[in-house]
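I have placed the structure first, in the form of structure tokens, so that the comments after it can refer back to it.
Lettering of chains follows the sequences in order, A, B, ..., and the numbering in each one begins at 1.
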Number of protein chains: 2
Amino acid sequence: MKVSQQEIVAAARELFRNQGYAGASMQDLADRVGLKKASLYSRFPDKEALVGEVLQLTLDEIFATVDDAGGWRAAYEAILRSISGSLVERGRCVAFHLAYGASADAPRAMEAVRGFFTACRRRLAETLSTAVEPGEADRIAVDALSRIEGATLWLAIDGDGTAMQRTLDRLLAEADGLQGRRRVRAKPGNPGKTAGQPRRKHSRAAALPGRP
Amino acid sequence: MKVSQQEIVAAARELFRNQGYAGASMQDLADRVGLKKASLYSRFPDKEALVGEVLQLTLDEIFATVDDAGGWRAAYEAILRSISGSLVERGRCVAFHLAYGASADAPRAMEAVRGFFTACRRRLAETLSTAVEPGEADRIAVDALSRIEGATLWLAIDGDGTAMQRTLDRLLAEADGLQGRRRVRAKPGNPGKTAGQPRRKHSRAAALPGRP
DNA sequence: CCCAATAACTACCGAACGGTCGGATGTAAA
DNA sequence: TTTACATCCGACCGTTCGGTAGTTATTGGG
């Protein structure tokens, strides 16, 4: 194999992210990975099947660094930072672009997108359910995801990541306010970010990875 | 003229919204409005020019019903309701889809998208600047837009509008907390939605148009 | 009613699309 | 070295893409 499966999927992801489902072409993908188009079709049945692979890879990458050993708050922060960090790095969200673009004509792609966001939502809600009741946990998870995704608007338009940074700060600050206003912190020894009066005047929190 | 300019632009908007820039085809647009493809090119110079028209029409529709006579809070609410209402109705945001999809190969389209969101942002910030300082007004405007746009994620995935409803409620509740915690209300005589302790336990506010 | 102007049409262009096929090429065991 | 197998590739399919040229239909003013 001249090129590994993962390299192809990663290249496909970049295409889907920047061009959308309809705008990404198999020829373009073949050129990028240094193969011919026919060779791609001996690895993947069709274009639509690439969507599932792309989203599975992305899901794996997001949760690779997350473990629940440090408690719900640390896990929650790790997940949100992992997601928003990669979004700032790449400028757009593949899954969101596919959610918008893979319409009725690509039902398997749409199903993969649903699966991706459902997995993120479930994992977040599960993490939060240590601190709040399940219904509220799911609501917080849904809102957190949509707020992070929404912040990619300004990333896509003018590359501005400050809205994302602000969103992340607020989500974490709001998380500190959960569980009956108890004092919680992500890492012992981490300066600032107290939760005494957690809902106002949050201090400029730690920067996103790769964003000074 | 068999078909008015506005009908064509509205049909193009639907296509761009559901298929993205690359996925929307001139042939498809021609079929929908009952013209031949060549006729479209006698009205619009090219596909990219349609983007500007689509976003201008959308901008006009959004702000058609908004006036500043009732004070900043009423205007702010009117704008947010106008935007989120049309998003719930249509299930996606054209401008957001175009922001993601119209990439480097369509610079005029990208410029139009930037203009659209800049106009929304400016109008919102201008409205808010009656209550808070300009910098904070701009920040609130940016965040409000991105939160509303983000809520379209769940609309696109499974048609669920509850996240949008929740987002709208929170944005309005947070607006009530502005201007130094003064008591403000949108319309005198409107039941509920007080702002005495505005930042918690917001009551289920008025439904979006078309969402019982 | 005529004529000019506008609007819509038919027919076509080269390029790119997703996808397929049969043969060439590399590789590792026998 | 032969065999067997997976991989890759050149060439091609039918279709659709954005866009254009030249021609016909429609329409409003005189």
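Interface remark: the Lys37(B) side chain does form a donor-acceptor pair with the dG18(D) base, using a distance-only criterion of under 3.5 Å.
If you check dG18(C), dG19(D), dC9(D) against the side chain of Lys2(A), the one that comes closest is dC9(D). Nearest to the side-chain atoms of Lys36(B) among the listed nucleotides dC9(C), dC17(C), dC17(D) stands dC9(C). Each of dA8(C), dC9(D), dG18(D) was ranked by its minimum atom distance to the side chain of Lys47(B); first place goes to dG18(D). Listed nucleotides: dG19(C), dC17(C), dT10(C). Nearest to the side chain of Ala38(B): dT10(C). Among the nucleotides dC8(D), dA8(C), dG19(C), the one closest to the side chain of Tyr41(A) is dG19(C).
Residue contacts for Ser39(B): at a heavy-atom cut-off of 4.0 Å it reaches a base atom on one of the strands shown. Here Ala24(A) lies in heavy-atom contact (under 4.0 Å) with sugar-phosphate atoms only.
Within the 4.0 Å cut-off from OP1 or OP2 of dA6(D), not a single side-chain nitrogen or oxygen of Arg43(A) is found. Considering only side-chain N and O atoms, Ser42(A) lies nowhere under 4.0 angstrom from the phosphate OP1 or OP2 of dT7(D).
One atom, CD of Gln19(A), and another, C1' of dC17(C), lie 14 Å apart when rounded to the nearest Å. We find that CD of Glu48(B) is positioned 14 Å from C1' of dG19(D), with the value rounded to whole Å. To the nearest angstrom, P of dC17(C) lies 11 Å from CE of Met26(A). Separating the CG atom of Asp31(A) from the P atom of dA16(C) is a distance of 11 Å, rounded to the nearest angstrom. A straight line from CG of Leu35(A) to P of dG19(C) spans 17 Å, rounded to a whole angstrom. Taking atom CD of residue Gln27(B) and atom C1' of nucleotide dC17(C), one finds them 15 Å apart after rounding to whole Å.
For the residue pair Glu14(A)/Asn18(A), the side-chain donor-acceptor check at 3.5 Å is not satisfied. When only modelled atom types and interatomic distance are considered, Asp169(B) and Gln165(B) share a side-chain donor-acceptor pair under 3.5 Å.
Residues Phe96(A) and Glu149(B) form no side-chain contact, since every pair of their non-hydrogen atoms from C-beta on lies 4.5 Å or further apart.
Residues Met1(B) and Ala22(B) each lie close to DNA chain D; by heavy-atom proximity, the contact nearer the 5' end of the strand is made by Ala22(B).
Of all heavy-atom pairs between Gly161(A) and Leu155(A), the closest is CA-CD2, 3.8 Å.
Residue Gln5(B) qualifies as enclosed at atom CD: its count of foreign heavy atoms under 6.0 Å is above 12.
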